[in-house]
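So the structure is just underneath, and the comments pick up after that.
The figures that follow rest on heavy atoms only: side chains count, while hydrogens, waters and symmetry mates do not. Whatever order the structure lists ligands and atoms in, that order sets their numbers, starting from 1.
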Amino acid sequence: MQKIEEPAPADTPFAWIGGEAKVRELVDRFYDLMDLEPGYAELRATHGSELATAREKLFMFLCGWLGGPQYYVDKYGHPMLRARHLPFAIGVKERNQWVACMDQAMGEVGVEPQLRERLYDSFMNTADWMRNKNG
Ligand code: HEM
């Protein structure tokens with residue numbers, strides 16, 4: 001039987017999540033958690049000592065990816081995310097930690113459960129496509 005989903009309450013996930021301020025809050029929480037939680041140590045280790053550039057770039061990217069302003073594309077061109085991640089060794093562990101860290105951040109900044117569930121699936125698809133090593 002076909003699953004009937006509730007219609008989304010906003011035109012874009014960007015509007016639904018609460019716009020730029022909320023995307024900023026989410027990205028900040030994501031990188032704070034990555035820095036703090038021992039469970040994300042392997043993910044943290046793929047990054048350099050400072051996270052300021054990553055914070056800014058992920059914020060710009062997510063605004064557009066969620067259907068809002070295309071800050072990232074305007075400044076850096078096509079995201080080519082898989083190619084841009086090739087310098088970092090990404091396997092199942094790093095993928096799972098990225099998605100778990102993002103999911104925890106979504107929970108902590110209060111992303112609505114229905115949106116959180118949808119975004120979880122999209123983040124998992126995107127993160128899975130970034131894998132570039134076995135294991
Ligand atoms: C799967 C596990 C992932 C790992 C281990 C990872 C790791 C990294 C690292 C180390 C950087 C460089 C940060 C810096 O420049 O300081 C980066 C950049 C970036 N990541 Fe990821 N990432 C992952 C998944 C994702 C996902 C799922 C997204 C989007 C939904 C994403 C979006 C970005 C963006 C937009 C950049 C900036 C790219 C650039 O312009 O250089 N990443 N990532």
Side-chain angles (χ1 to χ4, degrees):
M1 206 171 74
Q2 206 188 346
K3 191 176 160 197
I4 299 172
E5 293 195 3
E6 298 258 321
D11 284 347
T12 60
F14 180 76
W16 191 358
I17 205 169
E20 239 172 78
K22 202 67 182 184
V23 176
R24 177 74 73 185
E25 202 186 330
L26 176 64
V27 168
D28 277 344
R29 193 60 196 145
F30 172 76
Y31 283 113
D32 287 350
L33 287 169
M34 198 195 287
D35 234 0
L36 288 167
E37 297 275 342
Y40 306 136
E42 284 86 356
L43 173 63
R44 179 64 187 86
T46 63
H47 293 71
S49 55
E50 63 92 34
L51 294 171
T53 310
R55 267 179 214 265
E56 196 51 27
K57 285 183 163 179
L58 187 59
F59 163 75
M60 292 171 86
F61 173 80
L62 286 183
C63 284
W65 189 75
L66 291 166
Q70 295 284 345
Y71 297 132
Y72 185 94
V73 174
D74 290 349
K75 186 156 182 192
Y76 302 108
H78 192 288
M80 302 183 299
L81 276 193
R82 191 176 147 76
R84 286 192 210 259
H85 283 76
L86 287 178
F88 320 116
I90 302 179
V92 167
K93 192 180 257 179
E94 291 78 9
R95 176 201 69 188
N96 288 349
Q97 288 186 9
W98 198 103
V99 176
C101 186
M102 183 53 81
D103 189 52
Q104 185 177 345
M106 287 197 287
E108 290 188 13
V109 305
V111 174
E112 246 181 55
Q114 199 194 339
L115 177 59
R116 182 178 170 185
E117 225 173 274
R118 289 192 193 195
L119 291 180
Y120 181 96
D121 291 344
S122 304
F123 280 132
M124 180 54 93
N125 277 334
T126 306
D128 187 60
W129 168 66
M130 234 84 88
R131 282 192 297 124
N132 53 31
K133 69 161 188 186
N134 286 327

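In the hydrophobic clustering of ILVMFWY residues, with side-chain heavy atoms under 4.5 Å counting as a link, I90 and W129 come out together.
Other residues, nucleotides and ligands contribute over 12 non-hydrogen atoms within 6.0 Å of the CG atom of D74. Around the NZ atom of K93, the shell of radius 6.0 Å holds no more than 12 heavy atoms that belong to other residues, nucleotides or ligands.
For the pair L33 and R29, the minimum side-chain heavy-atom distance is below 4.5 Å. In this structure the side chain of M124 reaches within 4.5 angstrom of the side chain of N96, judged on heavy atoms. The closest side-chain heavy-atom distance from D28 to V109 is not below 4.5 Å.
Interface of F61 with ligand 1, defined as ligand atoms under 4.0 Å from a residue heavy atom, comprises 29 (C), 30 (C), 35 (C). The atoms of ligand 1 that sit less than 4.0 Å from any heavy atom of R95 are 1 (C). Atom numbering of ligand 1 starts at 1 in the shown order; those under 4.0 Å from a heavy atom of I90 are 1 (C), 2 (C), 3 (C), 4 (C), 5 (C).
Residue contacts with ligand 1, taken as heavy atom pairs separated by less than 4.0 Å, involve T46 via backbone and side-chain atoms alike. Heavy atoms of L43 found under 4.0 angstrom from ligand 1 belong exclusively to the side chain. Contacts of Y72 with ligand 1, taken as heavy-atom pairs under 4.0 Å, involve the side chain alone.
In this structure, atom 15 (O) of ligand 1 lies nearest to the protein heavy atom T53 CG2, 4.3 Å.
When only interatomic distances are considered, the shortest N/O to N/O separation between K57 and ligand 1 falls below 3.5 Å.
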Checklist line | Residue pair M130, F88: steps toward the side chain to side chain contact (heavy atoms under 4.5 Å, CB included) verdict | finding: CA-CA 10 Å; M130 234 84 88; F88 320 116; over 6 Å; no
Notebook entry, point to check: Should W65 and Y72 be marked as a ring-ring contact (aromatic ring centres under 6.0 Å, His included) after you check the CA-CA gap, both sets of side-chain angles, and the distance that decides it?
Noted result: CA-CA 9 Å; W65 189 75; Y72 185 94; over 10 Å; no
Item checked: Stepwise salt bridge (Lys or Arg N to Asp or Glu O under 4.0 Å) test for E94 and R44 -> CA-CA 9 Å; E94 291 78 9; R44 179 64 187 86; over 6 Å; no
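With respect to the salt-bridge test (charged N to carboxylate O, under 4.0 angstrom), the residues R131 and D128 qualify.
Ordered by chain and number, H85 NE2 make up the set of protein N, O or S atoms under 2.8 Å of atom 21 (Fe) of ligand 1.
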